[in-house]
Amino acid sequence: MTATYYVQNVLSQVKSAINEQRPKVSTSRTLLLHDNAGPHKARATIQSLRELGIQVLPHPAYSPDLAPYDFWLFAILKDRLAGRKFDRIQDLVKAVNSELRTISEEDYQGMFRKWQIRLKRCIESHGEYFEGL
């Protein structure tokens, strides 16, 4: 993924979803957490987020234990899509989007609670290694 694709396709969808779900607030009071991938840190992305009034929360250095998509979402998708073959990338995208829509709001809320616990443990250990997540 490139920064151009991220700005034109992903952020535009984020903006539309926010405007639809929060029409009175729009994007002006939105906080966004995304990782430190190149497209997320690119000048075009930062400028676009600034123009939208979206504040980016600082993200720690990569750690699969602190990344919700690594410790939670990818496992769900991997389980649900196991054994399926896709001849075209469009078919894979459609299947992933379909599965994402079936995850309940309660499941997402539970993931955020677990994520908060993980972040707290990291802060309490001053970033040092610990077990038991």
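Being a predicted model, the structure only gives us computed values, none of them experimental.
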Do you reckon W72 sits in the same ILVMFWY cluster as L81, going by side-chain contacts under 4.5 Å, direct or chained?
yes
Verdict with reasoning, I103 to I76, per side chain to side chain contact (heavy atoms under 4.5 Å, CB included):
CA-CA 9 Å; I103 300 172; I76 291 172; 4.2 Å; yes
NZ on K78 to CG on L73, rounded to 0.5 Å:
13.5 Å
Report, as yes or no, whether the 6.0 Å neighbourhood of atom CD on E124 holds more than 12 heavy atoms from other residues, nucleotides or ligands.
yes
Can you list the steps and then say if T102 with R80 is a side chain to side chain contact (heavy atoms under 4.5 Å, CB included)?
CA-CA 11 Å; T102 67; R80 293 183 182 184; 2.5 Å; yes
Distance in Å, I54 CD1 paired with L31 CG, rounded so as to fall on 0.5 Å steps:
9.5 Å
Mark yes when over 12 heavy atoms from residues, nucleotides or ligands other than Q90 sit less than 6.0 Å from its CD; otherwise mark no.
yes
With R43, which residues qualify under salt bridge (charged side-chain N to carboxylate O under 4.0 Å, His left out), at least two apart?
none
Reported CD-to-CZ distance for the pair E99 and R101, which is rounded to 0.5 angstrom:
10.5 Å
Would you check if F86 and R84 make a side-chain contact, meaning some heavy-atom pair closer than 4.5 Å?
yes
Does I89 belong to the same Ile/Leu/Val/Met/Phe/Trp/Tyr cluster as V96, with side-chain heavy atoms less than 4.5 Å apart forming each link?
yes
Rounded distance (nearest 0.5 Å) linking atom CD of Q47 with atom OG1 of T45
10.5 Å
How many angstroms lie between OG1 in T30 and CD1 in I18, if you round to the nearest 0.5 Å?
4.0 Å
From CG (D70) to CG (D35), nearest 0.5 Å:
9.0 Å
Give every residue pair that meets the side chain to side chain donor-acceptor pair (under 3.5 Å) criterion with at least one member in residues 1-18, sequence neighbours excluded.
Y6-H34
Pair V93, R88 - check side chain to side chain contact (heavy atoms under 4.5 Å, CB included), show working.
CA-CA 9 Å; V93 169; R88 301 176 320 145; over 6 Å; no
Residue pair K94, D91: steps toward the salt bridge (charged side-chain N to carboxylate O under 4.0 Å, His left out) verdict
CA-CA 5 Å; K94 186 176 180 179; D91 297 332; over 6 Å; no
Do you reckon L33 sits in the same ILVMFWY cluster as M111, going by side-chain contacts under 4.5 Å, direct or chained?
yes
What one should report as the nearest heavy-atom pair of K41 and I46 is O-CD1, 3.2 Å
Please tell me if the side chains of L57 and L32 come closer than 4.5 Å, counting only heavy atoms from C-beta onward.
no
Got a sec, which residues hit ring-ring contact (aromatic ring centres under 6.0 Å, His included) with F112, two or more places apart in sequence or on another chain?
W115
Starting from F74, can I reach Y108 by hopping between I/L/V/M/F/W/Y residues whose side chains sit under 4.5 Å apart?
yes
